[in-house]
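In what follows, a single structure is set out as structure tokens and then discussed.
Quick note: numbers below take in every heavy atom, side chains included, and nothing from hydrogens, waters or symmetry partners. Chain letters run A, B, ... following the sequence lines, proteins first, then strands; residues in each count from 1. This is a predicted model, so every value here is computed, not measured.
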Amino acid sequence: MTSLVIAEHDNAALKDATHKTVTAAAAISAPVHVLVAGADCAAVAEAAAKIAGVEKVLLADAAPYARQLAEPMEALILSVADGYDAILAPATTTGKNILPRVAARLDTPQVSDIIAVIAPDTFEHPIYAGNAIETVQAPAGKKLVTVRTTAFQAAAEGGNAAIEKIAAAADPGTSSFAGEELSQSARPELTSAKIVISGGRGLGSAENFKLLDKIADRLHAAVGASRAAVDAGYVPNDYQVGQTGKMVAPDLYIAVGISGAIQHLAGMKDSRVIVAINKDPDAPIFQVADYGLTEDLFKVLPELDEELGKRGIG
Amino acid sequence: MKVLVPVKRVVDYNVKVRIKPDQSGVDLANVKMSMNPFDEIAVEEAVRLKEKGKATEVVAVSIGPQQAAETLRTALAMGADRGILVKTDGAAVEPLAVAKILKAIAEAEQPGFVITGKQAIDDDANQVGQMLAALLGWPQGTFAHALELEGGSAKITREIDGGLQTVAVTLPAVMTTDLRLNQPRYASLPNIMKAKKKPIEEKTPADYGVDVTPRFKVLKVSEPPKRGGGVKVASVSELLDKLQAEGVLS
Ligand SMILES: Cc1cc2nc3c(=O)[nH]c(=O)nc-3n(C[C@H](O)[C@H](O)[C@H](O)COP(=O)(O)OP(=O)(O)OC[C@H]3O[C@@H](n4cnc5c(N)ncnc54)[C@H](O)[C@@H]3O)c2cc1C
Ligand SMILES: Nc1ncnc2c1ncn2[C@@H]1O[C@H](COP(=O)(O)O)[C@@H](O)[C@H]1O
């Protein structure tokens with residue numbers, strides 16, 4: 001009984017999402033192998049080998065995997081799939097892009113976004129924007145699963161797995177990388193930050209969003225946003241928190257000028273402490289907030305900045 | 001070039017669903033149903049391709065109960081040319097079975113491009129587009145933010161975790177829509193009237209040789225954990241006192 005985890009990385013560094021997926025994998029079927037597919041990514045394989053509980057790292061280091069495009073990745077994973085009882089990927093845009101292709105080719109249904117492993121074939125996952133939790137039992141055979149990383153602890157370091165180089169599979173040649181525009185930020189990543197401060201339509205402009213940056217810098221927080229703020233062009237798309245954006249569960253989530261639509265709540269209601277700042281006392285966000293401040297954000301944010309300074313924070 | 005657009009009838013995005021007391025599922029009796037919002041974006045994109053002369057025909061497909069015909073009518077009112085209703089008994093059809101039916105339809109209809117939503121807002125699966133592409137052996141551009149279709153290929157800009165990525169794929173291909181691809185139109189009254197005369201062909205999964213018996217066993221559907229009630233604070237300094245007491249300000 002062995003499971004395979006598809007590593008999340010950028011060819012230079014292994015992402016924490018991998019460690020969390022390893023934890024889920026170990027609960028389904030141990031030992032765990034990790035597939036590192038990329039180009040010039042030997043360092044990533046070495047990092048994966050150090051995860052506790054990982055028995056083997058498969059390294060496919062070849063040009064077609066540089067961007068982990070779905071079509072060559074499908075072929076590669078299928079080339080090794082036979083040996084595994086479970087194949088898992090984090091529910092990132094990369095994992096969600098690739099794994100259903102593999103599932104379809106294996107004629108195996110996939111469980112998306114699991115938040116708990118109840119038994120090796122039984123999983124909990126949210127449906128309806130997290131308003132319901134479904135417990136499903138998968139049929140006999142391979143388990144194909146994407147993992148909501150905020151629901152699992154990261155596997156610890158301390159492993160010493162063997163690294164096995166594997167051959168590239170034939171690239172179907174139907175897709176190619178044609179450019180990217182990545183958000184540059186020195187701040188922590190939204191999905192793994194301990195503190196997240198998010199802004200909504202209430203911020204009113206891209207310029208005003210910078211008010212959040214100042215506070216984020218003090219708190220070493222990531223900055224997020226509601227869909228309305230992204231749609232209005234205040235911030236890039238990858239800031240969106242919610243049902244159809246990113247799932248976050250930091251120790252502290254501060255929602256500023258966000259009403260609290262179910263689609264937004266879906267992405268942040270598992271945060272440990274939630275703060276809402278909104279001038280409308282009836283905004284639904286207050287129903288999930290531990291601490292609510294009914295005030296104009298343009299008054300609150302400068303005060304917050306100043307008061308944090310006074311308290312020597314940041 | 002023909003464009004195929006699968007559209008799903010789902011609970012309206014404004015509805016907060018209730019769990020049935022016996023935990024067998026969510027209660028859909030008397031709940032407002034609509035076209036999955038991502039599928040509206042898919043229909044809009046397909047209709048724009050036709051308006052730009054890049055597509056010749058837009059075919060909408062829905063797999064679901066008889067009422068899914070209403071969802072198809074909405075697609076037709078937005079500008080799709082005809083519909084295919086693959087009628088089921090109303091039980092949810094799993095993404096892999098949906099993909100298999102769509103594969104059979106794609107083989108019969110020979111579209112050059114298929115546009116699905118990135119996820120259905122009921123099952124939140126985010127699977128069908130990718131599964132369909134794999135079953136057909138086609139490339140895909142998921143979570144589309146922008147599309148440029150030229151000759152035999154498509155450039156699709158995707159919303160990814162780190163920002164935007166553009167891929168070039170050969171046609172035929174599958175694209176799945178993200179929120180910012182376009183702003184779907186409202187159907188005008190004359191177009192709603194016209195849509196009533198557009199054809200909807202009725203089929204069953206058996207016509208395509210697909211078994212839609214669920215492969216998963218749903219053991220239960222339960223409420224997510226509720227958050228304890230919070231408190232209102234009167235000032236920034238009171239807020240920071242609380243947060244420091246919680247130990248969340250490092
Ligand atoms: C298919 C689909 C998917 C979606 N996915 C997501 C998703 O993933 N994430 C998401 O966030 N949304 C999502 N949405 C959108 C969601 O339904 C809401 O429209 C959106 O979350 C609203 O954003 P908002 O709270 O910023 O804006 P609004 O609802 O307009 O709220 C703005 C708030 O700011 C407050 N405000 C205004 N000015 C001030 C001020 N000066 N001081 C203090 N407060 C002020 C107002 O009182 C109000 O409560 C989705 C919708 C659909 C249909
Ligand atoms: N029953 C269905 N009928 C038609 N299209 C569907 C159906 N289920 C899913 N789809 C399509 O597949 C997309 C993704 O759905 P899912 O993988 O279930 O999240 C949807 O946005 C639709 O475009």
Most heavy-atom pairs under 4.5 angstrom with chain A, which of [options]?
options	answer
Leu179(B), Ile156(B), Thr142(B)	Leu179(B)
Arg158(B), Lys226(B), Gln183(B), Glu94(B)	Arg158(B)
Ser222(B), Ala154(B), Ser153(B)	Ser222(B)

Against chain A, label [X] side chain, backbone, both or neither, depending on which of its atoms sit under 4.5 Å from a heavy atom there.
X	answer
Tyr13(B)	both
Leu164(B)	both
Ser235(B)	backbone
Phe143(B)	side chain
Ala173(B)	neither
Leu171(B)	neither
Ala168(B)	both

I'd like to verify something: which residue of [options] has the highest number of heavy-atom pairs under 4.5 Å with chain B?
options	result
Ala266(A), Ala91(A), Ser271(A), Ala276(A)	Ser271(A)
Ile277(A), Thr146(A), Val275(A)	Val275(A)
Glu180(A), Arg105(A), Arg311(A)	Arg311(A)
Asn237(A), Leu182(A), Ile118(A)	Asn237(A)
Ala103(A), Gly179(A), Ser183(A)	Gly179(A)
Leu252(A), Asp251(A), Thr94(A)	Leu252(A)

Show the nearest heavy-atom pair for residues [X] and [Y], with the distance to one decimal.
X	Y	result
Val15(B)	Ile262(A)	O-CD1, 3.6 Å
Gln127(B)	Ser112(A)	NE2-OG, 2.8 Å
Ala134(B)	Glu74(A)	CB-OE1, 3.8 Å
Gln140(B)	Glu71(A)	N-OE2, 2.8 Å
Pro224(B)	Gly130(A)	CG-O, 3.2 Å
Lys96(A)	Gln130(B)	O-NE2, 2.9 Å

* Just wondering, more than 12 heavy atoms not from Glu181(A) lying within 6.0 Å of its CD? -> no
* To do: Please say whether more than 12 non-hydrogen atoms of neighbouring residues, nucleotides or ligands are located less than 6.0 Å from NZ in Lys220(B).
  => no
Check whether [X] gets within reach of chain B through its side chain, its backbone, both or neither, counting any heavy atom under 4.5 Å.
X	answer
Ile115(A)	neither
Pro281(A)	both
Ala138(A)	both
Pro172(A)	neither
Val102(A)	neither
Pro236(A)	neither
Thr122(A)	side chain
Gln184(A)	neither
Arg218(A)	neither

For residues [X] and [Y], determine if any side-chain heavy atom of one lies less than 4.5 Å from a side-chain heavy atom of the other.
X	Y	value
Asp161(B)	Lys246(A)	yes
Arg180(B)	Val230(A)	yes
Leu293(A)	Val236(B)	yes
Phe286(A)	Lys232(B)	yes
Val169(B)	Thr174(A)	no
Arg227(B)	Ile274(A)	yes
Ser237(B)	Lys310(A)	no
Glu307(A)	Leu239(B)	no

* Asked: What residues of residues 107-126 of chain B sit under 4.5 Å from chain A when you count only heavy atoms?
  -> Lys118(B), Gln119(B), Ile121(B), Asp122(B), Asp123(B), Asp124(B), Ala125(B), Asn126(B)
* To do: Can you check whether anything in residues 18-26 of chain B gets within less than 4.5 Å of chain A, heavy-atom wise, and list it by number?
  => Ile19(B), Val26(B)
* **Sequence-distant partners of Thr244(A), side-chain hydrogen bond (donor to acceptor under 3.5 Å, both in side chains), two or more places apart** => Gln240(A)
* To do: For Asp107(A), enumerate each residue passing the side-chain hydrogen bond (donor to acceptor under 3.5 Å, both in side chains) test, keeping only those at least two apart in sequence or located in another chain.
  => Lys100(B), Arg215(B)
So, taking the atom named [atom1] in [X] and the one named [atom2] in [Y], what distance separates them when rounded to the nearest 0.5 Å?
X	Y	atom1	atom2	answer
Arg101(A)	Trp138(B)	CZ	CH2	11.5 Å
Phe216(B)	Asp121(A)	CZ	CG	10.5 Å
Leu249(B)	Leu219(A)	CG	CG	6.0 Å
Ile254(A)	Leu243(B)	CD1	CG	6.5 Å

* To do: Just do the side-chain contact (heavy atoms from CB on, under 4.5 Å) check on Tyr291(A) and Glu246(B) with the steps written out, would you?
  => CA-CA 11 Å; Tyr291(A) 302 107; Glu246(B) 291 263 12; 2.8 Å; yes
